[in-house]
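First up is the structure itself, then whatever we jot down about it.
First listed ligand is number 1; within each ligand, the first listed atom is number 1.
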Amino acid sequence: MTASIIDGKAIAADIRGEIARRAAQLRDAGVTPGLATVLVGDNPASHKYVSMKRKACAEAGIESFHNELPDSATQEEVLALVERLGKDPKVHGILVQLPLPKQIDEETILNAVPLSKDVDGFHPLNIGALAMKGREGEFIPCTPHGVIELLSRSGTRIEGANAVVLGRSNIVGMPVALLLIERNATVTVCHSRTRDVAEVCRGADILVAAIGRPRFVHGDWIKPGATVIDVGTNMIDDASRKSGKRLVGDVDYEAALEVAGAITPVPGGVGPMTIAMLLQNTVRSAERTAE
Ligand code: NAP
């Protein structure tokens with residue numbers, strides 16, 4: 001079997017087109033959707049992620065308001081900035097780029113983002129709502145939401161499926177598991193203490209890998225015909241590349257291609273969806289304001 005490839009780049013481009021149309025309608029109605037980005041310190045990866053998000057905003061017709069604080073910023077300074085943005089009517093979404101420097105308590109800062117502007121979906125009340133039957137938070141966290149969109153837009157049946165999620169982090173594994181349960185999958189969550197992960201994976205109709213270990217999932221762990229969503233992003237050495245490095249996922253992609261029914265590549269799978277979902281949440285927030 002050769003798996004069909006779930007093209008996250010193309011699916012994200014479709015979604016971004018839809019978002020740009022909704023943003024244009026909002027502007028016609030006098031509301032320009034606005035996203036505030038908060039970047040603390042000089043982590044190069046964080047700078048890159050924020051600039052990608054701002055570029056995507058500009059392309060979709062969303063205004064972005066960038067705020068940068070030095071690595072030495074105090075908790076009070078970051079808190080005051082987030083509180084000011086929380087009151088700014090031009091700002092419909094606030095994105096605090098993680099990780100924050102160690103002197104700053106992440107939870108206190110995320111708690112200060114008003115629920116109505118929590119477009120990252122990381123506020124404990126938004127995450128908590130995911131765990132409650134029949135309840136929906138204001139926003140769904142972006143990467144987990146992207147995983148669900150990839151499954152539904154690629155025609156994968158979630159209801160009744162056996163789903164295995166590798167990883168239980170607050171930002172990916174756990175919310176993905178909760179979203180799959182909400183959509184009536186039967187879900188098993190694996191973590192670093194799980195015994196015989198390979199055998200658990202072999203029962204999965206849907207396998208979501210989010211652990212951050214290069215090519216951890218072998219081809220013979222995958223049930224023939226399963227849908228595999230690879231969230232992992234890992235840099236490995238590759239002498240054939242000019243940079244000497246290459247990005248790979250948590251799944252042995254070449255081996256998985258031979259067994260799976262459908263699979264996301266890395267890069268070009270989940271990554272582009274995360275930004276598309278952030279834009280979608282921002283436009284949704286602006287639409288609520290306009291209503
Ligand atoms: P994380 O916070 O480090 O969590 C990793 C999870 O994997 C933990 O729950 C850990 O278990 C589990 N784990 C580690 N080793 C394991 C093993 N040998 N067997 C089974 N489970 C194991 O990572 P994260 O933030 O969720 O990110 C996961 C990956 O997704 C990373 O590669 C990250 O770069 C990527 N990512 C991609 C995007 C995107 O947009 N494409 C967005 C976010 C993250 P314990 O809980 O027991 O420690």
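- Distance alone, capped at 3.5 Å, is enough to place a donor-acceptor pair between the N111 side chain and the E107 backbone.
- With K53 contributing its side chain and L35 its backbone, the two residues share no donor-acceptor pair below 3.5 Å.
- Between R213 and D250, the shortest heavy-atom distance links the atoms N-OD1, 2.9 Å.
- Formation of a donor-acceptor pair under 3.5 Å by the D252 side chain with backbone atoms of R215 is not found in this model.
- Side-chain atoms of K117 do not come within 3.5 Å of backbone N or O of I94 as any donor-acceptor pair.
- The two atoms that bring T282 and G34 nearest to each other are CG2-O, 3.7 Å, heavy atoms only.
- For ligand 1, the protein residues placed under 4.0 Å by at least one non-hydrogen atom are T143, G167, R168, S169, I171, V172, H191, S192, A210, I211, G212, R213, F216, V231, G232, T233, N234, G271, T274.
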